[in-house]
Peer 1: 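Below is a structure I'd like to ask you about.
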There are 4 protein chains.
Amino acid sequence: MARSRSRTEKSASKREQILAAAAEVFSQKGYFRATIDEIIAKADTGKGTVYNYFSNKEELFYILIKEKNAPFLQALEDIAAGECHALEKITAMLRVFLAFYLENADLWRVLMHEMRGLEDEKLAAEGGQGRYRQEFHSGVDILSRTLALGMQEGVIKENDARRMAYALFSVILSMVYQGYARDRADETALAIADAFFNGVAVK
Amino acid sequence: MARSRSRTEKSASKREQILAAAAEVFSQKGYFRATIDEIIAKADTGKGTVYNYFSNKEELFYILIKEKNAPFLQALEDIAAGECHALEKITAMLRVFLAFYLENADLWRVLMHEMRGLEDEKLAAEGGQGRYRQEFHSGVDILSRTLALGMQEGVIKENDARRMAYALFSVILSMVYQGYARDRADETALAIADAFFNGVAVK
Amino acid sequence: MARSRSRTEKSASKREQILAAAAEVFSQKGYFRATIDEIIAKADTGKGTVYNYFSNKEELFYILIKEKNAPFLQALEDIAAGECHALEKITAMLRVFLAFYLENADLWRVLMHEMRGLEDEKLAAEGGQGRYRQEFHSGVDILSRTLALGMQEGVIKENDARRMAYALFSVILSMVYQGYARDRADETALAIADAFFNGVAVK
Amino acid sequence: MARSRSRTEKSASKREQILAAAAEVFSQKGYFRATIDEIIAKADTGKGTVYNYFSNKEELFYILIKEKNAPFLQALEDIAAGECHALEKITAMLRVFLAFYLENADLWRVLMHEMRGLEDEKLAAEGGQGRYRQEFHSGVDILSRTLALGMQEGVIKENDARRMAYALFSVILSMVYQGYARDRADETALAIADAFFNGVAVK
DNA sequence: CATGAATGAGTATTCATTCAT
DNA sequence: GATGAATGAATACTCATTCAT
């Protein structure tokens, strides 16, 4: 029977359906406005099932973020671990960032915005240590290390690498949000890289 | 006696107390998580009083945004209308932006993030035209016009002025959020201006 | 000065304005849905003024009912005290009823419907004795007495006079509510009288 | 065990418990004064449960009315479709009316009185067509058709059938409200029929 | 007397979470 | 494991009433 797919298969599938639906709904509505009802409707499952896989709404959100972030971080680490020069690494990372945010712009916007509210509660309740902030910053951290490398190599002006990384990161995000990168990702990546390295002033 | 301020004085004060409390709570919690109860507790007033001055929670939020934004826009317009060159105007605006966001970073983050949710309802209900989006973009618009002026003057590379304005804006905001501008506003403004005009690459 | 009309005059006028506005609003919205705010808007006065003349919303409603009812009861009593025969008296009363309800149909509908809710509270609170019910029934009582007189005179079939009075009364009210009496009060009065005395069956 | 009734059974029961409680509370307090809190207290259920079965207070009220009205209308239609003569049909309907209003007098009073307030909002909002009015008038309509039939048969005086139906209906209701039908339903039905057909005047 | 700013008790509704089947 | 009926804490908003001017 169609109904007799192995238990494991079905379960795995339910879990993924829920995560996919959650990604959509959290992206569209934000964390607090998203409802479990809307998620299960999209995931075509029952309410109890969500609570079988995730202990509560917040855990669902956190795991979603973590599972989306992991391969992105891996890609960045791979670039960082490569043999080429800092400038090349930075440009490569910039493309990875752009691709990732084109895919997850709304979800990450939610993460950035609602982190605070989520962690305030956690921190107050149990002295936790900002796990959302950690996920969010991890990507920028790798970029930051590579910028520092560029300074060591003497190709980038000495400056606060973290500050620089955040600036670069914010420009990427902004371009995505404003829609400038939607259909011209490569052109945009080059434009950002050029402005970042060379500035906008006519010399 | 302090307690015998005239009713008029007290009334004016109630409205301002509510707006001040609303600014705090909306900044901290975001629009949807903010509660009227928390606002009145901070404002030291009754629930009905809020509804005497503002027809509902959303109107309170909108008026708050509008009243904060107005003097900021005026300051930018004053700079734009001045006699000096584009580069000077841009640097001056950058300081104004930085000062404004140091004051209102969290509230503006809320505005940017929750605009969508607020306007979807409005637009669906009555075909309104995005009044939050309008408030939010107005500042960047002025900056954008000034960048375009710089291109005319030949001091800034030809490019999409709006895109540039958003990029610059996002960097400002990012610096504020990361706390780099908290106690070093001027240093930060200069660093941003320098990176923006000249880039980060060693020539 | 225009402003120096005698104090008494002005006060009386405010009181009447409030009562007139209250009549409109209570008629349209019912007792519980009517708001003091709407009444003062229509009466062109301040909220405090209402509470100067009437101790609370309920008292305002009660006094309104009482003052409307008094001349109506007087007119019925005048007919009852007259010299003519029962049938004539009944027909005359029927016209008075019709005229009164054409004027006050909605307000009396409210009275009849919301009496219960108003008096339950009162009775529970202070052992009062149904003052609304009293106002409402007083008109029917006079009609009932006159029907009993008709029975004595032998022109009306022996029956429960009160029951008959309520039946007649209800028909009058129904005709008014259904709008059959709006522009044809006299025709309607005759039609009711005829059906009441002679029945609808073909003999 | 009584406690282990199947979930389906219990669910059906919850819905009915809520409707029964709603009937009581709406009857006693009217639509606007009735509170969901009082309904759930009487229904021995939680607040959320009400909203699982009915989308809001108004829908609860409407469905209550509709489900009460349906079998009543069916009974009237059955009589109308029968083989006997108009006068017999009318008398039979009169008993059905009386029985129905003895059961639902207060709820129907509420319907009649608050229809207006409920439909004004609806009509303004979405151009709806008066669903309460429709439920309310449907019974009188059937009676009206049967009266018209009596005129065709030549046993009832030619007249406006609708007007007559409303008059008869109002008398029935009035008798119920005044309590004359409480323990003497049959006697009352006959008295009404007699007065209606033959009038009250001594011939 | 007339006024209206201030107030808070009361109400409909939403939504995360539980748990029996 | 999967399900969804039941639940109540939380929240925006209304409106009669008070009282200082």
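Proteins come first, then strands; the chains are lettered A, B, ... in the order of their sequence lines, and each starts at number 1. Everything numeric in this text was worked out from a predicted model, so none of it was measured. Atoms considered below: every heavy atom in the structure, side chains included; atoms not considered: hydrogens, waters and symmetry mates.
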Peer 1: What is the distance from CD1 of C:Ile39 to P of E:dG4, rounded to the nearest Å?
Peer 2: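 Result: 16 Å.
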
Peer 1: With the sugar-phosphate defined as primed atoms, P, OP1 and OP2, and the base as all remaining atoms, what B/S/- string results for nucleotides 10-15 of chain F, 5' to 3', for protein heavy atoms under 4.0 Å?
Peer 2: -SSBBB

Peer 1: Whole angstrom is fine here: how far is it from CZ in D:Arg15 over to P in F:dA6?
Peer 2: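 For the pair D:Arg15 CZ and F:dA6 P, the rounded distance is 12 Å.
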
Peer 1: Distance check, rounded to the nearest 0.5 Å: C:Asn52 atom CG versus C:Lys14 atom NZ?
Peer 2: 11.0 Å

Peer 1: In whole Å, what is the span from the OH atom of D:Tyr53 to the C1' atom of E:dT13?
Peer 2: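 In whole Å, E:dT13 C1' lies 18 Å from D:Tyr53 OH.
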
Peer 1: Distance only, no hydrogens: is a donor on one side chain within 3.5 Å (strictly under) of an acceptor on the other, for D:Glu59 and D:Ser55?
Peer 2: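 No pair is found: no donor N or O on one side chain lies under 3.5 Å from an acceptor on the other.
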
Peer 1: So what's F:dT17 paired with, Watson-Crick or G-U wobble, going by both distances under 3.5 Å?
Peer 2: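 Paired with E:dA6.
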
Peer 1: Applying the ring pair (Phe, Tyr, Trp, His ring centres under 6.0 Å) test to A:Tyr31, which of A:Tyr132, A:Phe26, A:Tyr62 qualifies?
Peer 2: A:Phe26

Peer 1: Is A:Ile36 close to A:Tyr51 at the side-chain level, that is, under 4.5 Å between some pair of heavy atoms?
Peer 2: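 Yes, side chains in contact.
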
Peer 1: Quick one, D:Asn69 and D:Asn104 - any side-chain contact, counting heavy atoms below 4.5 Å?
Peer 2: no

Peer 1: Rounding to a whole Å, what distance do you find between A:Leu60:CG and E:dC15:P?
Peer 2: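 Roughly 16 Å, once rounded to whole Å.
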
Peer 1: Measure from NZ on D:Lys29 to P on E:dG10 and round the result to the nearest Å.
Peer 2: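 Those two atoms, NZ and P, are 13 Å apart.
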
Peer 1: Rounding to a whole Å, what distance do you find between D:Phe54:CZ and F:dA5:C1'?
Peer 2: 14 Å

Peer 1: Could you state the CD-C1' distance from C:Glu59 to F:dT17, rounded to the nearest angstrom?
Peer 2: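 C:Glu59 atom CD is separated from F:dT17 atom C1' by 15 Å.
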
Peer 1: Would you say D:Leu19 and D:Phe54 make side-chain contact, with heavy atoms under 4.5 Å?
Peer 2: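 Yes, their side chains come closer than 4.5 Å.
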
Peer 1: May I have the distance from D:Lys14 (atom NZ) to F:dA6 (atom P), rounded to whole angstrom?
Peer 2: 7 Å

